[in-house]
Amino acid sequence: MDLPSFMRKYADQIGGQYTEYNQSMSIIIVPVSGNRFQTVIGNIRQNDLYNRKLITFTSKVCPFDSNYDLQHLLEQTAYFNYCRFMISEGYLQVEAVSALDGITEEALKEMVQEVANLADQYELKLTGADVN
């Protein structure tokens with residue numbers, strides 16, 4: 001899988017902005033509703049536990065606050081196709097993960113879009129503002 005090529009092509013298709021970091025990490029600024037944008041980072045990494053390559057797409061929602069109703073957020077993930085919430089580097093984030101083998105380009109596009117849309121929706125819901 002050529003992640004930079006996929007991310008560049010998808011950014012062009014959706015009117016987003018593409019930035020390449022290296023062969024295994026790229027960024028798309030994804031247009032979302034309300035004339036807003038959401039940053040999605042794509043990353044390919046090796047999972048040593050299962051000895052396979054994974055592709056992840058992540059987007060920051062907002063700085064983590066211990067007052068958030070975490071039970072509600074975890075319950076909401078039952079309604080998502082690909083995503084889950086996570087806390088990393090002090091931020092609540094949305095992440096989609098898949099094994100790289102056998103994943104289709106269409107599924108990758110759906111993953112990127114779901115990450116962007118959910119991160120934007122929960123950012124507005126939790127903070128009332130466009131933070132990221």
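- Within the model, atoms CD1 of I28 and OG of S59 stand 11.5 Å from one another, a figure rounded to the nearest 0.5 Å.
- Heavy-atom contacts from other residues, nucleotides or ligands closer than 6.0 Å to CG of D101 number 12 or fewer.
- Residues L74 and Y68 fall into different hydrophobic clusters, defined by Ile, Leu, Val, Met, Phe, Trp and Tyr side chains chained together at heavy-atom separations under 4.5 Å.
- Cluster membership for V97 and M7, using ILVMFWY side-chain heavy atoms within less than 4.5 angstrom, is not shared.
- Heavy-atom contacts from other residues, nucleotides or ligands closer than 6.0 Å to OH of Y21 number 12 or fewer.
- Of all heavy-atom pairs between G42 and F57, the closest is CA-CD2, 3.6 Å.
- In plain terms, the two heavy atoms of N43 and S24 that are nearest each other are OD1-O, 2.9 Å.
- What you find for Y91 and P63 is that their closest heavy atoms are CD2-N, 3.6 Å.
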Y122 vs Q76, side chain to side chain contact (heavy atoms under 4.5 Å, CB included): CA-CA, chis, key distance, verdict: CA-CA 11 Å; Y122 279 90; Q76 291 302 297; 3.3 Å; yes
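- Hydrophobic clustering (ILVMFWY, side-chain heavy atoms < 4.5 Å, transitive): M86 and V115 are in distinct clusters.
- One distance of note links CD1 of I41 with CD of Q93; it measures 7.5 Å at 0.5 Å rounding.
- Atoms CD and CG, on E114 and N81 in that order, are 5.0 Å from each other to the nearest 0.5 Å.
- Here OH of Y82 is found 8.5 Å from OG of S98. Values are rounded to the nearest 0.5 Å.
- In the hydrophobic clustering of ILVMFWY residues, with side-chain heavy atoms under 4.5 Å counting as a link, L118 and L124 come out apart.
- The local environment of CD in Q13 is crowded, with over 12 non-hydrogen atoms from other residues, nucleotides or ligands closer than 6.0 Å.
- Within 6.0 Å of atom CD in Q71, 12 or fewer heavy atoms from other residues, nucleotides or ligands are found, so the atom counts as exposed in its surroundings.
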Indicate every side-chain donor-acceptor pair of residues 47-55 with a distance under 3.5 Å to a residue at least two apart or in another chain.
{"residue": "N47", "atom": "OD1", "partner": "L49", "partner atom": "N", "Å": "3.0"}
{"residue": "N47", "atom": "OD1", "partner": "Y50", "partner atom": "N", "Å": "2.8"}
{"residue": "N51", "atom": "OD1", "partner": "Q46", "partner atom": "NE2", "Å": "3.4"}

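- Residues C62 and L126 come closest through the heavy atom pair SG-CD1, 4.2 Å.
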Would L108 and V112 satisfy side chain to side chain contact (heavy atoms under 4.5 Å, CB included), going step by step from the backbone distance to the final call? CA-CA 6 Å; L108 293 173; V112 169; 5.6 Å; no
Are E105 and K9 close enough, and set up right, to give a side chain to side chain contact (heavy atoms under 4.5 Å, CB included), and what steps lead you there? CA-CA 11 Å; E105 191 170 296; K9 186 168 86 171; 3.0 Å; yes
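- Listed by chain and residue number, nothing satisfies the side-chain hydrogen bond (donor to acceptor under 3.5 Å, both in side chains) test with R45 (two or more places apart in sequence, or in another chain).
- For A119 against Q38, the heavy-atom pair with the smallest separation is CB-NE2, 3.6 Å.
- Shown here is N35, whose CG atom has no more than 12 heavy atoms of other residues, nucleotides or ligands within 6.0 Å.
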Side chain to side chain contact (heavy atoms under 4.5 Å, CB included) between K60 and T39, intermediate numbers included: CA-CA 8 Å; K60 289 181 181 177; T39 301; over 6 Å; no
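- Hydrophobic clustering (ILVMFWY, side-chain heavy atoms < 4.5 Å, transitive): M111 and I44 are in one cluster.
- Distance check, rounded to the nearest 0.5 Å: CZ of R36 to CG of D120 gives 4.0 Å.
- The aromatic rings of Y10 and F6 lie parallel to each other, their planes meeting at an angle below 30°, with 60° marking the opposite boundary.
- The nearest pair of heavy atoms linking D2 to P4 is OD1-CD, 3.1 Å.
- Residues F64 and F85 keep their aromatic ring centres 6.0 Å or farther apart.
- Taken to the nearest 0.5 Å, the CZ atom of R8 stands 10.0 Å off from the CG atom of L3.
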